[in-house]
Amino acid sequence: MSAIAWRRQLSVGQPAIDDDHKHLIAYLNELDAALAAPHFQPVRVAKILVKLLEYTKEHFAREEHMMQVVRYPKFEEHAKRHRDAVRAVSELSHDFSVEPTHENAAKLYKFTADWLVRHIIMEDTQLTPYVRGVWA
(Lines give C-alpha, C1' and ligand atoms only; values in the text may rest on other atoms or scores of the structure.)
Protein backbone atom coordinates (compact mmCIF):
# COMPACT_ATOMS: atom_id res chain seq x y z
CA MET A 1 0.00 0.00 0.00
CA SER A 2 1.11 3.55 -0.48
CA ALA A 3 -0.01 6.97 0.58
CA ILE A 4 -2.46 8.83 -1.64
CA ALA A 5 -1.21 12.19 -2.86
CA TRP A 6 -3.58 15.06 -3.57
CA ARG A 7 -3.37 15.98 -7.22
CA ARG A 8 -5.10 18.34 -9.61
CA GLN A 9 -7.31 15.56 -11.06
CA LEU A 10 -8.97 15.19 -7.64
CA SER A 11 -10.10 18.82 -7.45
CA VAL A 12 -13.78 19.53 -7.88
CA GLY A 13 -13.12 23.26 -7.81
CA GLN A 14 -15.30 23.92 -4.77
CA PRO A 15 -13.20 24.61 -1.66
CA ALA A 16 -15.47 22.88 0.88
CA ILE A 17 -15.68 19.68 -1.16
CA ASP A 18 -11.97 19.71 -2.00
CA ASP A 19 -11.09 20.26 1.67
CA ASP A 20 -13.34 17.35 2.65
CA HIS A 21 -11.63 15.13 0.11
CA LYS A 22 -8.22 16.19 1.44
CA HIS A 23 -9.33 15.26 4.98
CA LEU A 24 -10.59 11.86 3.81
CA ILE A 25 -7.30 11.22 2.03
CA ALA A 26 -5.41 12.21 5.18
CA TYR A 27 -7.40 9.64 7.20
CA LEU A 28 -6.70 6.99 4.58
CA ASN A 29 -3.00 7.86 4.67
CA GLU A 30 -3.09 7.60 8.46
CA LEU A 31 -4.65 4.15 8.08
CA ASP A 32 -2.01 3.21 5.51
CA ALA A 33 0.73 4.23 7.96
CA ALA A 34 -0.89 2.16 10.71
CA LEU A 35 -0.99 -0.86 8.41
CA ALA A 36 2.66 -0.36 7.42
CA ALA A 37 3.86 -0.10 11.04
CA PRO A 38 6.22 -2.85 12.23
CA HIS A 39 3.69 -4.00 14.85
CA PHE A 40 -0.01 -4.14 13.98
CA GLN A 41 -2.08 -2.21 16.52
CA PRO A 42 -5.80 -3.01 16.14
CA VAL A 43 -6.84 -0.27 18.59
CA ARG A 44 -4.95 2.36 16.58
CA VAL A 45 -6.60 1.12 13.39
CA ALA A 46 -10.05 1.10 15.03
CA LYS A 47 -9.65 4.74 16.15
CA ILE A 48 -8.68 5.80 12.63
CA LEU A 49 -11.62 3.88 11.16
CA VAL A 50 -14.08 5.61 13.48
CA LYS A 51 -12.76 9.03 12.43
CA LEU A 52 -12.82 8.02 8.76
CA LEU A 53 -16.39 6.72 8.90
CA GLU A 54 -17.72 9.71 10.82
CA TYR A 55 -16.05 12.18 8.49
CA THR A 56 -17.25 10.28 5.42
CA LYS A 57 -20.86 10.56 6.57
CA GLU A 58 -20.43 14.28 7.31
CA HIS A 59 -18.84 14.84 3.91
CA PHE A 60 -21.54 12.95 2.03
CA ALA A 61 -24.22 15.01 3.81
CA ARG A 62 -22.43 18.28 2.87
CA GLU A 63 -21.87 17.20 -0.72
CA GLU A 64 -25.44 15.98 -1.17
CA HIS A 65 -26.82 19.21 0.31
CA MET A 66 -24.72 21.19 -2.14
CA MET A 67 -25.92 19.02 -5.03
CA GLN A 68 -29.51 19.74 -4.03
CA VAL A 69 -28.86 23.47 -3.76
CA VAL A 70 -27.48 23.58 -7.31
CA ARG A 71 -30.11 21.12 -8.56
CA TYR A 72 -27.52 18.64 -9.77
CA PRO A 73 -29.31 16.49 -12.38
CA LYS A 74 -27.62 13.23 -11.33
CA PHE A 75 -28.28 13.72 -7.62
CA GLU A 76 -30.23 10.49 -6.98
CA GLU A 77 -27.68 8.32 -8.77
CA HIS A 78 -24.79 10.02 -6.98
CA ALA A 79 -26.43 9.79 -3.55
CA LYS A 80 -27.10 6.09 -4.14
CA ARG A 81 -23.40 5.54 -4.80
CA HIS A 82 -22.69 7.23 -1.47
CA ARG A 83 -25.17 4.97 0.34
CA ASP A 84 -23.72 1.87 -1.34
CA ALA A 85 -20.20 2.88 -0.30
CA VAL A 86 -21.26 3.53 3.31
CA ARG A 87 -22.93 0.12 3.39
CA ALA A 88 -19.84 -1.63 2.00
CA VAL A 89 -17.47 0.18 4.36
CA SER A 90 -19.79 -0.56 7.29
CA GLU A 91 -19.75 -4.26 6.43
CA LEU A 92 -15.96 -4.30 6.14
CA SER A 93 -15.69 -2.37 9.41
CA HIS A 94 -17.95 -4.90 11.07
CA ASP A 95 -15.69 -7.70 9.81
CA PHE A 96 -12.73 -5.87 11.34
CA SER A 97 -14.54 -5.35 14.66
CA VAL A 98 -15.38 -9.07 14.86
CA GLU A 99 -11.89 -10.14 13.78
CA PRO A 100 -9.43 -7.22 14.17
CA THR A 101 -6.71 -8.60 11.94
CA HIS A 102 -4.26 -6.85 9.67
CA GLU A 103 -5.89 -8.67 6.74
CA ASN A 104 -9.36 -7.29 7.50
CA ALA A 105 -7.98 -3.78 8.02
CA ALA A 106 -6.08 -4.02 4.73
CA LYS A 107 -9.25 -5.09 2.88
CA LEU A 108 -11.05 -2.08 4.31
CA TYR A 109 -8.22 0.25 3.35
CA LYS A 110 -7.98 -1.11 -0.19
CA PHE A 111 -11.71 -0.87 -0.85
CA THR A 112 -12.03 2.62 0.63
CA ALA A 113 -8.92 4.06 -1.01
CA ASP A 114 -9.81 2.62 -4.43
CA TRP A 115 -13.44 3.68 -4.15
CA LEU A 116 -12.68 7.21 -2.97
CA VAL A 117 -10.13 8.05 -5.64
CA ARG A 118 -12.25 6.48 -8.40
CA HIS A 119 -15.40 8.21 -7.11
CA ILE A 120 -13.75 11.63 -6.93
CA ILE A 121 -12.25 11.36 -10.42
CA MET A 122 -15.22 9.70 -12.15
CA GLU A 123 -18.20 11.14 -10.26
CA ASP A 124 -17.38 14.17 -8.15
CA THR A 125 -15.53 16.01 -10.88
CA GLN A 126 -18.80 15.99 -12.86
CA LEU A 127 -20.08 18.38 -10.16
CA THR A 128 -17.51 21.02 -11.08
CA PRO A 129 -19.61 23.16 -13.45
CA TYR A 130 -22.51 23.09 -10.98
CA VAL A 131 -20.70 23.80 -7.70
CA ARG A 132 -17.82 26.07 -8.69
CA GLY A 133 -18.30 29.24 -6.69
CA VAL A 134 -21.08 27.82 -4.51
CA TRP A 135 -20.45 27.96 -0.76
CA ALA A 136 -21.82 25.21 1.47
Side-chain angles (χ1 to χ4, degrees):
M1 292 177 265
S2 60
I4 302 168
W6 179 259
R7 54 193 185 271
R8 184 184 52 78
Q9 296 94 325
L10 297 174
S11 178
V12 174
Q14 202 293 327
I17 293 175
D18 287 343
D19 286 347
D20 277 359
H21 290 162
K22 289 174 185 176
H23 278 91
L24 290 168
I25 288 169
Y27 287 135
L28 284 169
N29 288 339
E30 192 177 340
L31 180 57
D32 179 61
L35 291 170
H39 300 289
F40 181 65
Q41 299 173 10
V43 173
R44 178 181 175 199
V45 169
K47 288 179 181 179
I48 297 166
L49 290 176
V50 167
K51 292 188 298 186
L52 176 63
L53 289 171
E54 288 176 0
Y55 200 85
T56 298
K57 290 176 185 177
E58 292 171 16
H59 163 66
F60 285 168
R62 266 191 296 279
E63 188 174 276
E64 289 171 13
H65 172 73
M66 189 172 295
M67 285 190 285
Q68 289 175 318
V69 167
V70 300
R71 301 184 195 282
Y72 182 60
K74 296 179 182 178
F75 170 77
E76 291 300 329
E77 178 183 325
H78 197 113
K80 182 184 181 312
R81 285 201 173 85
H82 286 172
R83 289 189 303 275
D84 291 346
V86 168
R87 187 172 22 262
V89 170
S90 294
E91 289 171 8
L92 290 166
S93 294
H94 175 357
D95 293 347
F96 176 77
S97 69
V98 170
E99 193 175 341
T101 63
H102 186 279
E103 180 182 352
N104 281 339
K107 285 180 189 176
L108 182 54
Y109 171 83
K110 180 166 179 22
F111 171 82
T112 307
D114 290 349
W115 185 91
L116 179 65
V117 171
R118 186 174 51 254
H119 180 77
I120 292 171
I121 292 171
M122 302 301 291
E123 304 288 331
D124 287 349
T125 56
Q126 291 181 29
L127 297 169
T128 299
Y130 298 91
V131 300
R132 195 178 290 275
V134 174
W135 298 100

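Worth knowing before you read on, the calculation uses all heavy atoms, side chains too, and leaves out hydrogens, waters and symmetry mates. Remember, predicted model here, so these are calculated numbers, not experimental data. Numbers for residues simply follow the sequence, beginning at 1.
Among all heavy-atom pairs drawn from A3 and D32, the shortest one is N-OD2, 3.4 Å. Contact between V12 and D18 at its shortest, heavy atoms only, is N-OD1, 2.6 Å. Heavy atoms only, all atoms of each residue included: A88 and F111 are closest at CB-CZ, 3.6 Å.
Side-chain atoms of T128 do not come within 3.5 Å of backbone N or O of G13 as any donor-acceptor pair. At distances below 3.5 Å, at least one donor-acceptor pair connects side-chain atoms of N29 with backbone N or O atoms of I4.
From D20, atom CG reaches atom CD of E63 across 8.0 Å, with rounding to the nearest 0.5 Å. From L52, atom CG reaches atom OH of Y109 across 10.5 Å, with rounding to the nearest 0.5 Å. Here the CG atom belonging to L28 is positioned 10.0 Å from the CD1 atom belonging to I48, to the nearest 0.5 angstrom. Taken from CG in L53 to OG in S90, the straight-line distance is 6.0 Å, to the nearest 0.5 Å. Here Y72 contributes atom OH and L127 contributes atom CG; the two are 5.0 Å apart, rounded to the nearest 0.5 Å. Here the straight-line distance linking atom CG of L24 with atom CG of L10 works out to 11.5 Å at 0.5 Å rounding.
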Residues H23, H59; criterion ring-ring contact (aromatic ring centres under 6.0 Å, His included); working and verdict: CA-CA 10 Å; H23 278 91; H59 163 66; over 10 Å; no
Residue pair F40, V45: steps toward the side-chain contact (heavy atoms from CB on, under 4.5 Å) verdict: CA-CA 8 Å; F40 181 65; V45 169; 3.6 Å; yes
Test side-chain contact (heavy atoms from CB on, under 4.5 Å) applied to L108 and V89, step by step: CA-CA 7 Å; L108 182 54; V89 170; 3.9 Å; yes
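The salt bridge (charged side-chain N to carboxylate O under 4.0 Å, His left out) check on E76 picks up nothing, with sequence neighbours excluded. By the salt bridge (charged side-chain N to carboxylate O under 4.0 Å, His left out) test, K107 pairs with E103, sequence neighbours left out. By the side chain to side chain donor-acceptor pair (under 3.5 Å) test, E64 pairs with H82, sequence neighbours left out. Residues passing the side chain to side chain donor-acceptor pair (under 3.5 Å) test with E58: none are found, sequence neighbours excluded. Taking K51 as the reference, E30 meet the side chain to side chain donor-acceptor pair (under 3.5 Å) condition, with sequence neighbours excluded. Shown here are the salt bridge (charged side-chain N to carboxylate O under 4.0 Å, His left out) partners of R83, two or more places apart in sequence or in another chain: there are none. Considering only residues two or more places apart in sequence or on other chains, K57 meets the side chain to side chain donor-acceptor pair (under 3.5 Å) condition with none of them. With sequence neighbours excluded, no residue forms a salt bridge (charged side-chain N to carboxylate O under 4.0 Å, His left out) with R7. Checked against side chain to side chain contact (heavy atoms under 4.5 Å, CB included), D19 has the following partners two or more places apart in sequence or in another chain: K22. Residues that satisfy the side chain to side chain contact (heavy atoms under 4.5 Å, CB included) test with E99, not counting sequence neighbours, are T101, N104. Qualifying side chain to side chain contact (heavy atoms under 4.5 Å, CB included) partners for R87, counting only residues two or more places apart in sequence or in other chains: D84, E91.
Evaluation of the side-chain hydrogen bond (donor to acceptor under 3.5 Å, both in side chains) test over residues 37-49, restricted to residues two or more places apart or in two chains, returns none.
Within the cation-pi definition used here (under 6.0 Å to the ring centroid, within 45° of the axis), R62 qualifies as a partner of Y55.
The one candidate from I120, D114, I121 that meets the side chain to side chain contact (heavy atoms under 4.5 Å, CB included) condition with V117 is I121.
Note on M122 and W115: same hydrophobic cluster, where clusters join Ile, Leu, Val, Met, Phe, Trp and Tyr whose side-chain heavy atoms are under 4.5 Å apart, directly or indirectly. Linking Ile, Leu, Val, Met, Phe, Trp and Tyr residues whenever their side-chain heavy atoms come within less than 4.5 Å leaves V50 and L31 in two separate clusters.
Between the side chains of H78 and H119, at least one donor N or O lies within less than 3.5 Å of an accepting N or O.
Annotation: side chain of Y130 is not in contact with side chain of M67 (no heavy-atom distance under 4.5 Å).
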